[in-house]
Undergrad: 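Pasting in a structure now, in C-alpha cells, and then I'll have a few things to ask.
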Amino acid sequence: MALTNQEIADIFNNIADMLEIQGENRFKFLSYRRAGETLGELPRDLQAYVDDGTLTDIPGIGKAISDKIKELLETDKLEFYEKLRAQVPESILQIKGINGVGPKKAKLFWNELNITTVESLQTAASEGKLRELPGMGAKSEQKIIESIQALSRNRGRTPIGNAKQAADTILAELVALPQVEEAMIAGSIRRGKTTIGDVDILAVSDDAEPIMAHFVGMGRVERILGQGPTKSSIELRTGLQVDLRVLPRERFGTALQYFTGSKDHNVRIREIALNKGYSLNEHALRPIDDAGNMLDESHYVYCGTEEDVYEKIGLPWIAPELREDQGEIEAAIAGKLPNLITAEDILSDLHMHTTWSDGTLSIREMAEAARERGKTHIVITDHSKRNIVANGLDGERLLQQQAEVRAVNEEMGDDFHVLHGVEMDILEDGDMDLSDDILAQLDFVVASLHFGLTQDRALITKRLLNALNNPHVDCIGHMTGRLIGTRPSADVDFDAVFEAALETDTVLEINANPARLDLDAQYARRAHQLGIKLAINTDAHSIKMMDMLPYGILTARRAWAEPENVINTWAFDRFYAWIQSRA
DNA sequence: GCCGTTTTCGGCCCGACTGTTTTCAGTCG
C-alpha cells in the first residue's frame with residue numbers, strides 16, 4: 001500500500017522541524033515545510049504526477065524533494081529521514097509544538113536536561129528546573145506549564161462553522177463598543193478554509209486601549225496569550241485562539257490584506273511590492289530609493305482599502321478565497337482571474353430533506369423557506385430505504401411522496417418550482433438502493449455513500465463508478481463522506497471518478513454543510529478544471545441548515561468555480577430542460 | 001532547497017509581543 005499524500009507531507013513537515021531544531025539554514029527547512037504544505041493540498045495522488053513526469057512542475061518541488069518523494073513512493077522509506085531521526089528524537093517535535101516553545105527552546109531542554117517528551121518537560125517545569133536555564137525564568141516556565149495544559153483543551157484545527165460562530169459573537173461585541181468604527185473577520189475564516197487554526201479580527205479605531213481591555217476581559221476568555229497596544233491574543237474556553245488587531249482607518253486596507261493571508265500569498269505580494277519599489281507591511285507601502293534605503297515616514301503610502309493595496313502594486317484585487325499562492329498571482333498578472341460565483345447566483349437547492357425521512361420540516365415548509373431565501377426551484381431528496389435510521393423511503397413511499405411534491409408544486413404558483421428526487425444510497429456491494437423503474441420516475445437523483453466508508457479504494461471507487469454509470473443518477477452527493485475532524489474521507493480514486501463524471505455528464509456536489517464541505521475545494525477545483533459540472537447544495541434537514549449555504553459558496557470560490565459551471569445558477573427552464581434531456 | 005522578462009548564483013517578507021535581557025533573542029503569525 002503506497003503512502004498517501006498526507007503521510008508524505010507529514011514526513012516533510014517533520015524533516016523541516018528537525019532541520020530547524022538542528023539549526024539548519026532557514027531557507028532549507030522552510031523549503032521542506034513549504035513542500036509539506038503543498039503536498040497536503042494536491043488534488044491527485046503523488047504517484048500520478050510521477051507517472052506524468054510533472055512532479056517538479058508543482059511549485060516548491062525541485063530535484064531534491066522530488067527524488068525523496070519518489071524514494072518514499074517506491075520503498076515506503078526515506079534514508080535521509082531515517083538518518084535525521086537517529087539524530088533528533090521524533091518526540092521532540094511535540095515539544096516544539098507547544099505554544100511558546102520553538103526550535104531553540106526545544107533544543108535547549110533536550111541538550112541541557114535531556115528532555116525529549118512532553119511528560120518529562122512537564123515534570124521538569126513543575127520541579128522548577130526550567131527557570132535555571134539561560135534565557136529562561138519563572139514566567140517562561142509558568143507559561144510552558146499552562147501551554148501543556150492547553151494541549152488537552154485545544155485539539156488542532158477547528159471546523160470553519162464552529163470558528164465562524166465564535167468569531168461572529170466576538171465581532172458583534174466589539175462592534176458595539178463606542179471606540180470601534182468598524183470591525184471585520186480576517187484570516188482563514190475570510191478565506192473560507194475548511195478548518196481554522198485561529199481567529200483573526202481587525203478593528204478600526206484611534207483608541208485601542210479600551211478595546212483591548214474589553215477583549216481580554218470577556219467572560220469566555222480562558223487565558224490571555226498576549227496583550228499590546230495594537231495586538232492582543234486570547235484563548236477561549238473552547239480552546240480556540242483569537243487575535244485582535246486595532247489600527248487607524250487609513251491603514252485598514254494594508255492591515256486587512258496583511259491579516260487575511262495566506263502567508264504564502266502575502267510573501268509573493270510583498271515580493272511584487274519590492275519589485276515596484278515598496279516595502280509592504282500591515283501599516284503602509286514604504287518607498288525604497290535606488291540605493292535600497294527606505295524613505296522616511298513622510299513618504300509612506302497609506303491604503304484605506306484592499307483594492308488600493310493591490311492597485312498600487314499593479315494588480316487587480318484578488319478575492320480572499322483565492323489567496324493561497326496556488327496560481328492566483330499569475331492569473332492576476334495575466335488578467336485571467338476567474339469570475340467567481342457569488343451567493344446571489346444561486347437559484348436552486350438540489351438536495352434537501354423533509355419529515356418524510358429525517359428532516360424536521362414538511363415539503364411545503366421547505367419550499368417556502370427556500371423561496372424566502374431567493375431560490376426559484378428546489379428538489380426534494382429524502383433518503384432511500386437502506387438508510388433505516390433516517391426513515392429512508394422505499395419505492396412505494398417515494399411514489400406517495402411524489403404526489404405530495406406535485407401538489408405543493410401546484411400550490412407554490414408559477415414562479416417557484418418543487419421537483420421530486422431522492423438521495424439514494426449506493427449500497428456496500430455497489431448496487432443501487434432503488435430499482436431503475438422507480439428512479440426513472442424521479443426528476444433528479446442524488447446518489448450518496450453513507451455506509452461502508454472504510455472500504456478499500458478499489459471497492460469505494462467501484463461503488464461510485466456504478467452510480468455514475470447508472471443512467472438515472474444525476475449527481476453524486478458528498479462524495480467522500482467525511483465529517484471534518486471526526487470522520488476521515490473514504491479512499492476515492494479521484495482520477496477514475498472524475499473521468500466517469502465527465503463522460504456521463506454527472507454533477508458532483510459541493511455539500512455546503514460546514515461539517516462536510518465535500519467535495520473539498522482542492523478536488524472541486526480539479527473537477528471544475530476538467531469541465532465537470534458542480535452543484536452547491538445545503539443537504540438541509542432544517543431551516544437552520546439552509547442558512548449554511550455560504551460555506552458551500554466559500555468552498556466553491558476556493559475551487560475557482562464560475563457561475564456557468566455550477567448548475568444551481570441555471571434558471572429553472574434551463575435546469576428542467578437539462579434533466580429532461582437525461583434518462 | 002527552490003528559483004529565474006533585472007539572476008543557473010545569490011538571493012529568498014515583515015512586524016508585534018514577551019521575557020530576559022542592559023540591547024535583544026525567541027516565538028508567533
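We name chains A, B, ... by the order of the sequence lines, and we start the count at 1 in each one. What you see is a predicted model; the values in this text were computed from it and never measured.
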Undergrad: Counting N and O atoms only, with roles assigned by atom type, does the side chain of T54(A) sit under 3.5 Å from a partner on the main chain of D57(A), one being a donor and the other an acceptor?
TA: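 No, T54(A) side chain to D57(A) backbone: no donor-acceptor pair under 3.5 Å.
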
Undergrad: Measuring only the C1' atom in each nucleotide, how far is dC28(B) from dC13(B)? A whole number of Å is fine.
TA: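 Approximately 15 Å lies between the C1' atom of dC28(B) and that of dC13(B).
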
Undergrad: Write down the distance separating the C1' atoms in dT21(B) and dA25(B), rounded off to the nearest Å.
TA: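 Looking at atom C1' only, dT21(B) and dA25(B) are 9 Å apart.
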
Undergrad: Using a 4.0 Å heavy-atom cut-off, does P134(A) contact any base of the nucleic acid, only the sugar-phosphate backbone, or nothing at all?
TA: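 Since no nucleic acid heavy atom lies under 4.0 Å of P134(A), the category is nothing.
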
Undergrad: Which residue, R245(A) or K28(A), contacts DNA chain B at a nucleotide closer to its 5' end, judged by nearest heavy atom?
TA: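 Taking each residue's closest nucleotide, the earlier one in sequence belongs to K28(A).
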
Undergrad: Could you list where the contact with chain A starts and ends along DNA chain B, reading 5' to 3', using a 4.0 Å heavy-atom cut-off?
TA: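 Reading along DNA chain B, I get dG1(B) to dG29(B).
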
Undergrad: Under 4.0 Å between any heavy atoms, over every strand shown, what does I15(A) touch: base, sugar-phosphate, or nothing? Just pick one.
TA: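 Nothing, no heavy atom under 4.0 Å.
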
Undergrad: Heavy atoms only, 4.0 Å cut-off, all strands: where does L30(A) land among base, sugar-phosphate and nothing?
TA: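 It contacts nothing in the nucleic acid.
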
Undergrad: Is the closest basic N to carboxylate O distance between E74(A) and K70(A) below 4.0 Å?
TA: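 Looking at E74(A) and K70(A), the cut-off is not met.
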
Undergrad: Looking at every strand, decide which applies to K231(A) at a 4.0 Å heavy-atom threshold: base, sugar-phosphate, or nothing.
TA: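 Sugar-phosphate contact only - K231(A) comes under 4.0 Å of backbone atoms but never of a base.
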
Undergrad: For a quick check of understanding: with a heavy-atom distance under 4.0 Å over all strands, which category does Q241(A) fall into, base, sugar-phosphate or nothing?
TA: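 Contact class for Q241(A): sugar-phosphate only.
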
Undergrad: Quick one: sort the H265(A) and Y310(A) rings into parallel, tilted or perpendicular, breaks at 30° and 60°.
TA: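 H265(A) vs Y310(A) ring planes: tilted.
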
Undergrad: Can you tell me, in whole Å, how much space there is between the C1' of dC3(B) and that of dT8(B)?
TA: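 It works out to 9 Å between them.
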
Undergrad: Using a heavy-atom cut-off of under 4.0 Å over every strand shown, decide if A186(A) touches base, sugar-phosphate, or nothing.
TA: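 Counting heavy atoms under 4.0 Å across all strands, no contact is made by A186(A).
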
Undergrad: Applying the Watson-Crick and G-U wobble criteria at under 3.5 Å, what pairs with dT8(B)? Answer none if nothing qualifies.
TA: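 Pairing partner, where one exists within any strand: none, as none qualifies.
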
Undergrad: Is a donor from one side chain sitting under 3.5 angstrom from an acceptor on the other, for N266(A) and Q257(A)?
TA: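 Yes, a side-chain donor-acceptor pair sits under 3.5 Å.
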
Undergrad: Can you tell me, in whole Å, how much space there is between the P of dT22(B) and that of dG26(B)?
TA: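 Taking atom P in both dT22(B) and dG26(B), they lie 13 Å apart.
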
Undergrad: Is the closest basic N to carboxylate O distance between R249(A) and E181(A) below 4.0 Å?
TA: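 So R249(A) pairs with E181(A) through a salt bridge.
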
Undergrad: Taking the cut-offs as 6.0 angstrom to the six-membered ring centre and 45 degrees off its axis, would you call K68(A) and F80(A) a cation-pi pair?
TA: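 So K68(A) does make the cation-pi contact.
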
Undergrad: Pull up the glycosidic torsion of dT20(B) and say syn or anti, syn being anything within 90° of 0.
TA: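 Here dT20(B) takes the anti form, which means its glycosidic angle is more than 90° from 0.
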
Undergrad: Can you name the nearest heavy-atom pair linking M294(A) to Y300(A), along with the distance?
TA: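 Looking at all heavy atoms of both residues, the closest pair is SD-OH, 4.4 Å.
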
Undergrad: Please report the distance separating the C1' of dC17(B) from the corresponding atom of dC12(B), rounded so that it comes out in whole Å.
TA: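 Roughly 26 Å separates the two C1' atoms.
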
Undergrad: On a whole-Å scale, what distance lies between the P atoms belonging to dT5(B) and dC9(B)?
TA: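 Those two atoms are separated by 16 Å.
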
Undergrad: Can you sort out the partners of K63(A) under salt bridge (Lys or Arg N to Asp or Glu O under 4.0 Å), two or more places apart, ordered by chain and number?
TA: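 K63(A) satisfies salt bridge (Lys or Arg N to Asp or Glu O under 4.0 Å) with D67(A) only.
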
Undergrad: Any base atoms under 4.0 Å from R286(A), or only sugar-phosphate, or nothing? Heavy atoms, all strands.
TA: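 Answer is sugar-phosphate: R286(A) comes under 4.0 Å of backbone atoms only.
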
Undergrad: Using the C1' atom as the point on both nucleotides, what is the distance between dA16(B) and dG11(B), in whole Å?
TA: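 That atom pair is separated by 26 Å.
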
Undergrad: Students often get this wrong, so: under 4.0 angstrom with heavy atoms, is Y32(A) touching a base, only sugar-phosphate, or nothing?
TA: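 Y32(A): backbone/sugar contact only, no base atoms under 4.0 Å.
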
Undergrad: Using a 4.0 Å heavy-atom cut-off, does S232(A) contact any base of the nucleic acid, only the sugar-phosphate backbone, or nothing at all?
TA: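 S232(A): no heavy atom of the nucleic acid under 4.0 Å.
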
Undergrad: Could you pick out which residue, N266(A) or L133(A), lies toward the 5' side of DNA chain B when each is mapped onto its nearest nucleotide?
TA: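 Its nearest nucleotide being more 5', the pick is N266(A).
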
